[in-house]
Amino acid sequence: MGFRQQLDQAQTIAESAFRALHEKLESGVLFLPIQKELRSDPHPYYRRLRERDPVHRSRLAGGWVLSRYEDVLGVLRDPTWSSDERNWARHPVYRARGERAGLPDPYSEHFASMLRLDPPDHTRLRSLVSKAFTPRAVEAMRPRVALLADELLAKVESRRSMELIAEFAAPLPVIVIAELLGVPAGDHEQFRRLSDQAVKLLGDGPLVERKRGVAGMRAIRDYFAAIVTARRSDPQRDLISALVAAEEAGDRLSLVELLSTLVLLLVAGNETTTKLIGNGILALLRNPHELERLRADPGLMENAVEELLRYDGPVQLTSRMAKEDRELCGRTARRGDQVVLLLAAANRDPDAFPDPDRLDLGRRDVRHLAFSQGIHFCLGAQLARLEASIALGALVTRLPGLRLADASIRWSSNTVLRGPEALQLAW
Ligand code: HEM
């Protein structure tokens, strides 16, 4: 590490320590989601935050942290809160520091996608792909997803044990999205490796991991660029060809936007669905009565998936930016403030869900925020629901006596997406 980088690091540590102290003295709580002990169960911490300081001034996050259901929902539903991180006052500082450490600015690298854009660009990009994700289009994928789940389980069934994540929960969504996009079957393995690598860019992993994430993201973009070129001369009946046609039609989609849309579809849908299956099976195994209830009544599955999303959805948080000084839940947010929305905390708010820490697969009206709300509501929600219900259904019906083979679980270090990195099961 060069002298400049060492100086940078020392400055970052000193600044963060000062901000943390300021934050703790000011409100009595510190918002620090990267604490290791939160990985296995962040909910007691979320509860503390929600009860003690639900509209929390976070010096570390450069803004606010909301943890109550109604507050989080209010911001999500209001599109005048920006999703564009360039509106965050701290963004230039982080970008400069990241660049010196070898991490490019996502926007200058063109990784920005609809997820981090505001209308009208967001509306235009979203409308181009939304057709592929309508309930009808997704329902048509049911037999294929069921077959893929069966094939994966057939490989391990007689062995009576497996590592759930690597052997089932990770490959399933990657193959589904690869097929939907039109990635050739022979490339699926490579595609999965790159996707796993790229996701390291999210969250607060060590710098070396985030650098690997950048490399993965670039490799995926180059890979997609090659397929796009091939589809120009030889269109197929797949999503990539449909997007290429939109790009060629003129002013609706640029090549850069096309590539970042493809990257988003890959990255947004894989790790999330994998972790929903992982968290979901863990919650069922830890609540044997509920598992039995589901086995006895498979018709409960649809509702069960909603409750599992509420109880332990993989996406812990998202954020919005204030484009001008404005009111925020009775306080004043300044222009450039970030508002961190703790989706996972909102989903356990007792004012929205009675007895929120209880898993109840029959719970009525589970209006959780695991897929967000408003204009950025998860585009892949229907697909994720379909995949999770098929995957969990296959696991609980085909593997009698299913149990955790190893109680010590390795949790992912990603603070945005929470879930087990590996889960050893036996039956
Ligand atoms: C359990 C699985 C999943 C969860 C929990 C999840 C969660 C989310 C959340 C919370 C957001 C919105 C973030 C915000 O408001 O700032 C989002 C957006 C998005 N998700 Fe998902 N997601 C899942 C699966 C998928 C799948 C399978 C796909 C597609 C193949 C997908 C595609 C997208 C896209 C394209 C967006 C951006 C939408 C927009 O900005 O308008 N997601 N997802």
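In listed order, ligands and their atoms are each counted from 1.
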With a 3.5 Å distance limit and no angle check, can you tell me whether [X] reaches the backbone of [Y] through a side-chain donor-acceptor pair?
X: Asn270; Y: Leu266; result: yes
X: Arg221; Y: Ser260; result: no
X: Ser195; Y: Phe191; result: no

Ligand 1-proximal atoms of Val129, by part, heavy-atom distance under 4.0 Å: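 No part of Val129 is near ligand 1 at this cut-off.
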
Ligand 1-proximal atoms of Arg126, by part, heavy-atom distance under 4.0 Å: side chain

Could you tell me, atom by atom, which parts of ligand 1 come under 4.0 Å of a heavy atom of [X]?
X: Gly269; value: 25 (C), 26 (C), 27 (C), 28 (C)
X: Ala384; value: 1 (C), 2 (C), 24 (C)
X: Arg320; value: 14 (C), 15 (O), 16 (O)
X: Ile375; value: 41 (O)
X: Met114; value: 39 (C), 40 (O), 41 (O)
X: Leu115; value: 13 (C), 18 (C), 37 (C), 40 (O)
X: Ile177; value: 30 (C)
X: Ala370; value: 5 (C), 7 (C), 10 (C)

Modelled atom types, side-chain donor and acceptor of [X] and [Y], under 3.5 Å:
X: His122; Y: Ser83; value: no
X: Gln338; Y: Ser319; value: yes
X: Arg193; Y: Gln190; value: no

Check if [X] has a non-hydrogen atom at a distance under 4.0 Å from any atom of ligand 1.
X: His122; answer: yes
X: Leu341; answer: no
X: Gly313; answer: no

Within 45° cone of [Y] ring axis and under 6.0 Å: [X] NZ or CZ:
X: Arg363; Y: Phe353; value: no
X: Arg57; Y: Trp64; value: yes
X: Arg326; Y: Trp81; value: yes

Selected option - heavy-atom contact closest to atom 20 (N) of ligand 1, from Cys378, Ser83, Ser113, Pro314: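 Nearest heavy atom to atom 20 (N) of ligand 1 lies in Cys378.
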
The one among Thr272, Thr318, Val416 that brings a heavy atom closest to atom 24 (C) of ligand 1: Thr272

When you measure from [atom] to every protein heavy atom, which one gives the shortest distance, and what is it?
atom: atom 28 (C) of ligand 1; result: Gly380 CA, 3.4 Å
atom: atom 34 (C) of ligand 1; result: Leu379 CB, 3.8 Å
atom: atom 40 (O) of ligand 1; result: His376 ND1, 2.6 Å
atom: atom 1 (C) of ligand 1; result: Leu276 CD2, 3.5 Å

Where Asn303 and Leu361 come nearest, the two heavy atoms and their spacing: ND2-O, 2.8 Å

N or O contact, Ser372 vs ligand 1, cut-off under 3.5 Å: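 By distance alone, the answer is yes.
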
Within-cut-off N or O pair, Glu387 and ligand 1, under 3.5 Å: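 Among all N and O atoms of Glu387, none is under 3.5 Å from an N or O of ligand 1.
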
Output yes when [X] and [Y] qualify as a salt bridge under the 4.0 Å nitrogen-oxygen rule, no when they do not.
X: Asp312; Y: Lys275; value: no
X: Asp150; Y: Arg398; value: yes
X: Arg232; Y: Glu248; value: yes

